[in-house]
> 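Below you will find the structure I want to go over with you.
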Amino acid sequence: MTLAEQLAAPPLEVAPRLLGALLRHGEVVVRLSEVEAYAGSTDPGSHAYGGPTRRNATMFGPAGRLYCYLSHGIHICANITVGEEHGPGAVLLRAGEVVAGLDVARSRRPRSTDRDLARGPGRLGQALGLSLGHDGTDLATGAIRLELPATPVPASAIRTGPRTGLRRASDRPWRYWIDADPTVSAYRRHHRAEGPEAG
DNA sequence: TAAAAGATCGACT
DNA sequence: GTCGATCTTTTAA
């Protein structure tokens, strides 16, 4: 079974399976502890909402690719494309733990403690040394590799909740993280969310 | 420890 | 021209 076949399922199914997976770039390896699912064209929070554009073209390609984009001009955020029939589904890699290549990761983020090296989407991309040039990388054969865990994280250890930092559709409980994992980032609303918390 | 504001480039309309 | 799936620094308690 190829990596693309393992990822050929709706984002909501694939996202929890990505927990505990290893993402390797050179010497640096990150074990994913927090992800968010983006359903694509039907998800107002997704870049793919409203159809393909230049930036999100990778999301409309085959599954098992790395979708990189620049956020706020300074941070690289990484996604893994998933879904069947080239659907625009993707899973945002929110946080993880650096399990190898610590020296390299530390040199990239000298201000961070070991725990914070990949705690957050921008940090994770930075610790791995990602750039916009990695957009579209094949995670099975490219410079960046993804290894799914041999034994999935048990459902009892997986928690779900609202996605972080979105203005729209922020109430969908499509965030997955490993319970009690110290590298999981704390939930924060969008800094410019509209109005007070509804409800 | 918790909360608030600044930074900064590409994509979209 | 405006916004963004954020991170870092600063200030207050």
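Residue numbering restarts at 1 for every chain, and letters A, B, ... go by the order of the sequence lines.
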> Quickly work out the A:Leu124 CG to C:dC7 C1' distance and round it to whole Å.
13 Å
> Please state how far atom CG in A:Asp116 lies from atom P in B:dT1, giving the value in whole angstrom units.
12 Å
> Going by 5.5 Å between centroids and 30° between planes, is there a stack of A:Tyr69 over B:dG10?
no
> Indicate the atoms forming the closest heavy-atom contact of A:Trp174 with A:Arg163, along with that distance.
CE3-NH1, 3.6 Å
> Is there side-chain contact between A:Leu93 and A:Asn79, with at least one heavy-atom pair below 4.5 Å?
no
> With a 3.5 Å limit on both atom pairs, tell me what C:dA5 is paired to, counting Watson-Crick and G-U wobble, or say none.
none
> To the nearest Å, how far apart are A:Asn79 CG and C:dA5 P?
11 Å
> Rounded to whole Å, how long is the line connecting atom CG of A:Leu130 with atom P of C:dA5?
19 Å
> Side chain of A:Tyr38 only, heavy atoms from C-beta on: which candidate in B:dC9, C:dA5, C:dC7 is closest?
C:dA5
> Between atom CD in A:Glu36 and atom P in C:dG4, what is the gap in whole Å?
16 Å
> Rounded to the nearest Å, what distance is computed from the CD1 atom of residue A:Ile76 to the P atom of nucleotide B:dA11?
11 Å
> Atom CZ of A:Arg54 and atom P of C:dG4: how far apart are they, to the nearest Å?
20 Å
> Where each residue is assigned the nucleotide of DNA chain B containing its nearest heavy atom, which of A:His75 and A:Leu132 is assigned the position nearer the 5′ end?
A:His75
> Kindly compute the distance separating OG1 (A:Thr53) from CZ (A:Phe60), expressed to the nearest 0.5 Å.
7.5 Å
> For the side chain of A:Thr53, starting at C-beta, report the closest nucleotide among B:dC12, C:dT9, B:dT8.
B:dC12
> What's the closest nucleotide to the A:Arg55 side chain, out of C:dT9, C:dA5, B:dC12?
B:dC12
> Rounded to whole angstrom units, what separation is found between the CG atom of A:Leu117 and the P atom of C:dC7?
13 Å
> Can A:His72 be classed as stacking with the base of B:dA7, given a centroid separation cut-off of 5.5 Å and a plane angle cut-off of 30°?
no
> Any sub-3.5 Å donor-acceptor pair from A:Arg17's side-chain atoms to A:Gln6's backbone N or O?
yes
> So, the side chain of A:Arg119 versus the backbone of A:Arg115: is there a donor-acceptor pair under 3.5 Å, distance only?
no
> Given B:dC9, C:dA5, C:dT6, which nucleotide is nearest the side-chain atoms of A:Leu70?
B:dC9
